[in-house]
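Lettering follows sequence order; numbering is per chain, from 1. Since we're looking at a predicted model, the values are computed, not measured.
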Amino acid sequence: MRVAKVIVDVSTSQTNHTFDYLIPESWENIVQKGMRVSVPFGPRKVMGFVLEVSDHSEFDKLKPLDEVMDLTPVLTEELLQIGKWISEQTVSFYIQTFQAMLPQILKAKYKKEIEVLTDVEIAEELQQLFAGRAVMDFEEFVERNGNYSLLLKEVKNGHVQINYIVKSKETNKTKVFIAPNKEPYLLEEALEDTSNRAKKQKRILEYFLEQTTPIEQKQLITELSTTTATINQLVERNLLKKIEKKVYRDPFQDTDFERSKSLPLSGQQQTAIKPIWQAIEEKQDEVFLLHGVTGSGKTEVYLQAIERVLDKGMEAIVLVPEIALTPQMVQRFKSRFGSQVAVLHSALSAGEKFDEWTKIHKKEVNVVVGARSAIFAPFENIGIIIIDEEHETSYKQDEQPRYHAREVAKKRGNYHHCPVVLGSATPMLESYARAKKGVYHLLEMPDRMNEGEMPPVEIVDMRDELYAGNRTMFSRNLLEAIKTRIEKKEQIVLFLNRRGYSTFVMCRECGDVMKCPACDIALTYHKSSHQLKCHYCDYQIAMVKECQACNSKTIRYFGTGTQKVEEALREHIPEAKVIRMDVDTTRRKGSHKKLLEKFGNKEANILLGTQMIAKGLDFENVTLVGVLAVDAMLHLPDFRSSEKTFQLLTQVSGRAGRHKLPGEVIIQTYTPEHYSIQLASQYHYQQFFHQEMQTRRGFRYPPYYFLTLINVSHPNQLKAQEVTKTICKLLFKHLSDEATILGPTPSPIVRINNRYRYQCMVKYKDEPNQREIIRKIQEHYYDDIHRNDLTIQVDFEPYSLM
DNA sequence: AGCACGCCGACT
DNA sequence: GTCGGCGTGCTC
């Protein structure tokens with residue numbers, strides 16, 4: 001007897017363990033751990049992952065597996081182990097983690113259908129729906145308002161049965177090819193038999209007399225200017241045949257990659273790469289922190305480390321933050337390693353992601369470049385893992401399982417005995433502290449390539465501008481600088497951390513601010529659509545003409561978003577051509593790439609954008625970077641706001657003067673004296689590190705302490721508060737005296753989508769029982785969560801405190 | 001999750 | 001007395 005231990009696709013604590021199923025004899029040699037199966041679960045069928053295959057079970061009445069969904073395992077032994085570990089670390093359900101490790105498309109799709117079993121008359125009403133068919137989709141039954149209780153009666157009678165079907169969403173893209181189906185002489189005969197009126201058919205037959213190799217239908221149609229109808233007639237006459245071929249969707253098919261070779265390494269690059277090479281050779285699972293200023297040539301170090309790995313016949317994973325995964329970065333990897341590279345990031349369609357994943361799974365590639373989830377690439381012989389821009393927040397998943405790619409990377413490095421390289425110009429405080437302690441191996445690259453200097457940074461105090469009577473959003477210096485660059489035909493990058501037009505809309509008469517009815521937040525005005533939008537839920541209304549509270553017409557826009565800046569630029573510098581890049585202009589697939597290409601081709605002078613333009617961009621003609629306002633970010637209720645500001649300013653500054661032309665940076669702010677801004681402007685990472693560490697120590701924040709954030713939400717404010725209070729009490733009771741428990745506190749945004757949000761924060765050094773306690777708390781609230789619309793989110797080492 | 005089982009109020 | 005309401009608990 002062979003038994004499969006299966007985690008089923010039902011996401012609750014009650015089913016968060018394996019269920020045993022009998023493997024039918026005929027499949028005994030087929031079913032392996034890591035495969036997806038379809039199993040009967042109660043009255044229905046669900047998808048599940050085989051975690052183990054064994055020869056006995058504690059249960060006596062086992063049901064057999066229903067179906068095996070994969071030919072080869074989709075999760076390796078290693079990934080199964082890591083999946084269990086992540087689930088435990090993040091207090092998630094196993095199924096959630098395994099799902100997160102695979103491309104979306106491999107998730108199961110569920111379908112119900114109704115089947116008539118007997119020739120016996122079934123109820124008239126049902127017969128009409130079936131209209132003579134034996135099977136019908138349950139969906140159709142619902143759509144056509146079928147009588148459900150009547151159906152159940154017939155099910156009880158045994159006349160009708162409900163089938164549960166588990167399908168994979170997986171689809172392979174196919175292309176249709178046309179090929180001759182007869183010997184040439186037979187085609188020639190057919191040609192003569194064809195009526196002279198059927199000119200197009202004759203033309204096609206003639207083509208295949210000369211050309212016997214299959215041709216893609218699309219191409220045939222354009223070449224002979226014909227239609228599918230004509231081809232189909234020939235196919236029907238059995239003269240031609242259609243062949244369906246599976247093809248990979250190639251997201252980069254229109255892009256040419258010029259092959260590049262290794263560049264000679266500078267002195268500091270050599271010093272940095274040697275220990276990495278050594279770790280590769282000696283199969284050491286060492287973690288390196290590569291601290292290199294922007295433009296110091298980190299990417300070349302990555303590339304040559306990977307070359308060494310590939311020479312040894314091993315594989316490499318490279319993680320890049322979501323937004324920095326610009327075509328530029330992909331370009332560099334593709335041009336160095338060609339078709340050995342698979343790319344996985346959010347701009348790909350689900351189908352494209354699946355195809356890229358398949359290449360990895362089939363070992364057709366040995367390098368993966370991708371965002372967070374690419375850390376789960378199913379390689380089995382990894383020689384190096386690289387995480388670029390290590391401090392980026394996108395490496396932490398913001399839904400369950402809330403894992404951090406860096407921690408998974410270290411775990412995988414352990415397993416494969418290979419180095420992990422964390423690269424950044426502004427490492428996270430936690431990482432740099434670990435490097436200083438010797439937990440990570442610190443590699444420093446303090447100089448820019450080719451003796452380039454970091455561009456000088458000028459800080460403009462916007463309060464002075466106001467005193468001087470300048471009420472625009474551009475300081476005189478910035479405006480002047482923009483104008484000179486445009487004259488010199490150089491390019492400009494302008495950064496603003498806020499999309500939309502204005503941050504809030506207020507009535508001047510009564511001071512009423514337009515707020516979202518479902519969230520505790522002001523609405524943002526979007527000028528292009530002339531709407532007020534909530535950035536936290538999908539609420540949007542047409543812009544109001546008069547104040548809702550006092551009916552006055554004196555409504556004013558406050559705060560500045562990218563749309564407003566774009567408009568102001570047109571007004572102040574009519575000759576400027578501006579490209580705006582934010583979530584609103586890059587929502588469509590491929591638009592991100594298109595906008596950047598346009599800017600690269602110098603079709604615009606100014607690139608204006610939010611966060612997404614801060615990283616990875618490298619345009620040689622950019623000589624001025626302007627930061628319009630950093631103050632909003634600096635004053636967020638987040639202990640990392642100083643660090644985030646420092647990182648952002650450093651990253652943005654790095655966009656200027658990366659090549660021959662000298663660069664310049666102008667930062668506008670209302671708090672020029674702040675140490676984040678001061679030190680960023682002088683590129684003093686070390687000094688910033690020391691100063692910020694002191695603050696963190698004082699407030700008992702990371703890296704001195706670990707944090708756990710528990711977020712509770714409920715439609716009723718009192719309920720949310722009360723539950724949070726109880727959770728705080730329970731934690732206080734069960735955690736050690738060393739832990740600090742803060743709360744219950746209202747979240748920075750108390751209400752989102754009509755749900756009230758409260759939180760509890762734990763600061764601790766070592767609490768081995770913490771996860772177990774939290775699991776128990778969640779189980780204690782099982783009923784409230786399932787039937788009473790309560791949610792309890794737990795985030796270990798959170799990035800966002802909102 | 002989704003469904004069956006089972007225990008209390010309004011009906012032919 | 002029965003139908004059906006929803007609270008409770010199980011699914012290998």
Under the 3.5 angstrom rule, does the side chain of A:N716 hit a backbone N or O of A:L718 as a donor-acceptor pair? yes

Whole Å only: how far is the NZ atom of A:K5 from the C1' atom of C:dC12? 9 Å

What's A:K45 touching, base or sugar-phosphate or nothing? Going by heavy atoms closer than 4.0 Å. nothing

May I have the distance from A:D66 (atom CG) to C:dT11 (atom C1'), rounded to whole angstrom? 15 Å

Determine the contact category for A:K61: base if any of its heavy atoms lies under 4.0 Å from a base atom, sugar-phosphate if only primed atoms, P, OP1 or OP2 are that close, otherwise nothing. sugar-phosphate

Rounded interatomic separation in angstrom, taking CD from A:Q14 and P from B:dA1: 10 Å

Using a 4.0 Å heavy-atom cut-off, does A:S11 contact any base of the nucleic acid, only the sugar-phosphate backbone, or nothing at all? sugar-phosphate

Do the ring planes of A:H404 and A:Y395 sit parallel (below 30°), tilted (30 to 60°) or perpendicular (above 60°)? tilted

Contact class for A:E58 (heavy atom, under 4.0 Å): base, sugar-phosphate, or nothing? nothing

Enclosure of A:F732 CZ (heavy-atom neighbours >12, cutoff 6.0 Å): no

Of B:dA1, C:dC12, B:dC3, the nucleotide closest to the side chain of A:P43 is B:dC3

Under 4.0 Å, heavy atoms only, any strand: does A:Y164 hit a base, just the sugar-phosphate, or nothing? sugar-phosphate

Tell me: CZ of A:F41 to C1' of B:dA1, nearest whole Å? 9 Å

Strictly distance-based, threshold 3.5 Å: is any side-chain N or O of A:Y110 a donor or acceptor partner for the main-chain N or O of A:M47? yes

Proximal nucleotide (of C:dT8, C:dT11, C:dC12) relative to the A:K63 side chain: C:dC12

Atom-to-atom span, CG of A:N16 to P of C:dG9 - whole angstrom: 20 Å

How many whole angstroms separate atom CZ of A:R44 from atom P of C:dC10? 16 Å

Pair A:E767-A:S736, side-chain donor/acceptor within less than 3.5 Å: yes

Of the candidate nucleotides C:dC12, C:dT8, B:dA1, which contains the atom at the shortest distance from the side chain of A:H17? C:dC12

Please pick, from B:dA1, C:dC12, B:dC3, the nucleotide with the shortest atom-to-atom distance to any side-chain atom of A:L62. C:dC12

Round to the nearest Å and state the distance from A:D9 atom CG to C:dT11 atom C1'. 14 Å

Could you tell me how far apart A:R787 (CZ) and B:dG2 (C1') are, to the nearest whole angstrom? 12 Å

